[in-house]
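Note that the coordinates shown come from a computational prediction; the quantities given were computed from them, not determined experimentally. For the numbers below, each heavy atom of this structure counts, side chains included, while hydrogens, waters and symmetry mates do not.
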Amino acid sequence: MRLVFWAGFWAFLVDQASKYLVVHALDLREIGKIEVLPPLLNFHMAWNQGINFGLLSNSADAAKWVLIAVALGISGFVYYWVYKDRPGNKGLIAAGLLIGGALGNVVDRLLYGAVADFLNMSCCGIYNPYAFNVADIAIFAGALGLAIWGGTQKQA
C-alpha cells in the first residue's frame, strides 16, 4: 500500500504546487490568461464550482459540499478496493494517482470554494474552450489505470 500513498502524495503535491505557482506567484487569478505555447498550451484561469465542464455550477454552495463528500467517498472506496483486492504495482500507482488528484481538488474547494483550473490546450485547428488542472490529469490517468490494471490481475 506504500505505492498508493506515494503516488497519491506526489500527485497531490504536484497539483497543489502547480496551482500555487499559477494562482499566486504568476497571479493568474488577476491576469486571467497567459499564452505559454499557443495554441498548444495556455494558462486560462477558470474557477470550476461544479464538476467536469462546469456541470452543477449553478448551485455552488450546495454542490461544493456534495462534491467534497463524493470525492472523499470515492477516494475511500478506491483505497478499500485496492486494499481488499490488491492489484499489481501499476494498479496501486493508478489508485494513488486517482486518490491524490481527488484530494487535490477537495483542498481547492475548501480553500477557494471552487477548483482552480488553468491548463488549456488546443491543437490542429480545433479550439478547446475548457481548462483543467494537474489533479484532473491524475484522476483520469488513475481511473484509466485502474480499469486496465485494477482488481485481481496482479501485474507488476
Side-chain angles (χ1 to χ4, degrees), residues 2-79 89-150:
R2 285 186 184 146
L3 281 176
V4 175
F5 172 80
W6 286 110
F9 172 81
W10 287 109
F12 177 85
L13 187 68
V14 170
D15 172 63
Q16 290 298 300
S18 68
K19 289 172 183 170
Y20 183 85
L21 174 69
V22 170
V23 173
H24 298 287
L26 296 178
D27 203 23
L28 191 63
R29 65 181 160 185
E30 295 298 322
I31 296 169
K33 181 178 178 181
I34 299 172
E35 294 186 356
V36 181
L37 294 169
L40 296 176
L41 176 61
N42 297 301
F43 294 162
H44 291 193
M45 193 70 236
W47 294 101
N48 188 352
Q49 295 176 334
I51 55 176
N52 287 355
F53 309 115
L55 297 173
L56 297 180
S57 60
N58 291 337
S59 54
D61 195 45
K64 169 185 163 181
W65 294 107
V66 168
L67 293 172
I68 287 172
V70 167
L72 293 174
I74 290 171
S75 296
F77 171 77
V78 168
Y79 185 83
N89 290 343
K90 292 176 186 175
L92 294 173
I93 291 169
L97 290 174
L98 191 150
I99 292 168
L103 295 178
N105 283 344
V106 164
V107 167
D108 282 10
R109 290 186 196 285
L110 292 171
L111 290 177
Y112 306 119
V115 175
D117 289 335
F118 62 92
L119 294 168
N120 174 265
M121 302 177 84
S122 296
C123 179
C124 314
I126 300 171
Y127 172 71
N128 173 21
Y130 300 106
F132 57 97
N133 60 42
V134 174
D136 297 338
I137 297 168
I139 292 167
F140 180 80
L144 181 62
L146 282 173
I148 297 168
W149 299 297

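- Pairing each heavy atom of Lys33 with each of Leu28, the nearest pair is N-CD1, 3.6 Å.
- Summarising the geometry of Ala102 relative to Ser75, their closest heavy-atom pair is CB-OG, 3.5 Å, with the distance given to 0.1 Å.
- Residue Asn120 holds its CG atom at 10.0 Å from CD of Glu35, rounded to the nearest 0.5 Å.
- Nearest heavy-atom pair, Val107 versus Phe12, reported as atom, atom and distance to 0.1 Å: CG2-CE1, 3.6 Å.
- Here the OG atom belonging to Ser122 is positioned 10.0 Å from the CG atom belonging to Leu41, to the nearest 0.5 angstrom.
- Taking CG of Leu92 as the reference point, atom CZ of Phe5 lies at 14.5 Å (rounded to 0.5 Å).
- The two atoms that bring Ala131 and Ala46 nearest to each other are CB-CB, 4.1 Å, heavy atoms only.
- To the nearest 0.5 Å, atom CG of residue Asn133 and atom CD of residue Gln16 are 9.0 Å apart.
- At least one side-chain heavy atom of Leu98 sits under 4.5 Å from a side-chain heavy atom of Ile74.
- Every residue was checked against the side-chain hydrogen bond (donor to acceptor under 3.5 Å, both in side chains) condition with Tyr20, not counting sequence neighbours, and none meets it.
- In plain terms, the two heavy atoms of Ala95 and Val4 that are nearest each other are CB-CG2, 4.4 Å.
- Taking every heavy atom of both residues into account, Gln49 and Ala114 meet most closely at CG-CB, 3.6 Å.
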**Message:** Could you walk me through whether Leu119 and Ile137 satisfy the side chain to side chain contact (heavy atoms under 4.5 Å, CB included) test, starting with their C-alpha distance in whole Å, then the side-chain angles of each, then the deciding distance to 0.1 Å, before giving a yes or no?
**Reply:** CA-CA 10 Å; Leu119 294 168; Ile137 297 168; 4.1 Å; yes
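- Within 6.0 Å of CH2 in Trp47 there are more than 12 heavy atoms belonging to other residues, nucleotides or ligands.
- Side chains of Asp136 and Asn105: a donor on one and an acceptor on the other come within 3.5 Å.
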**Item:** CA sep, side-chain torsions, deciding dist, call: Leu72, Leu103, side chain to side chain contact (heavy atoms under 4.5 Å, CB included)
**Value:** CA-CA 7 Å; Leu72 293 174; Leu103 295 178; 3.7 Å; yes
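- With rounding to the nearest 0.5 Å, the separation of OH in Tyr112 from NZ in Lys19 is 8.0 Å.
- In terms of the side-chain contact (heavy atoms from CB on, under 4.5 Å) criterion, residue partners of Phe140 (sequence neighbours excluded) are, by chain and number, Leu144.
- Using cut-offs of 30° and 60° for the angle between ring planes, the Phe118 and Phe43 rings count as perpendicular.
- One distance of note links CD1 of Ile68 with CG of Leu110; it measures 4.0 Å at 0.5 Å rounding.
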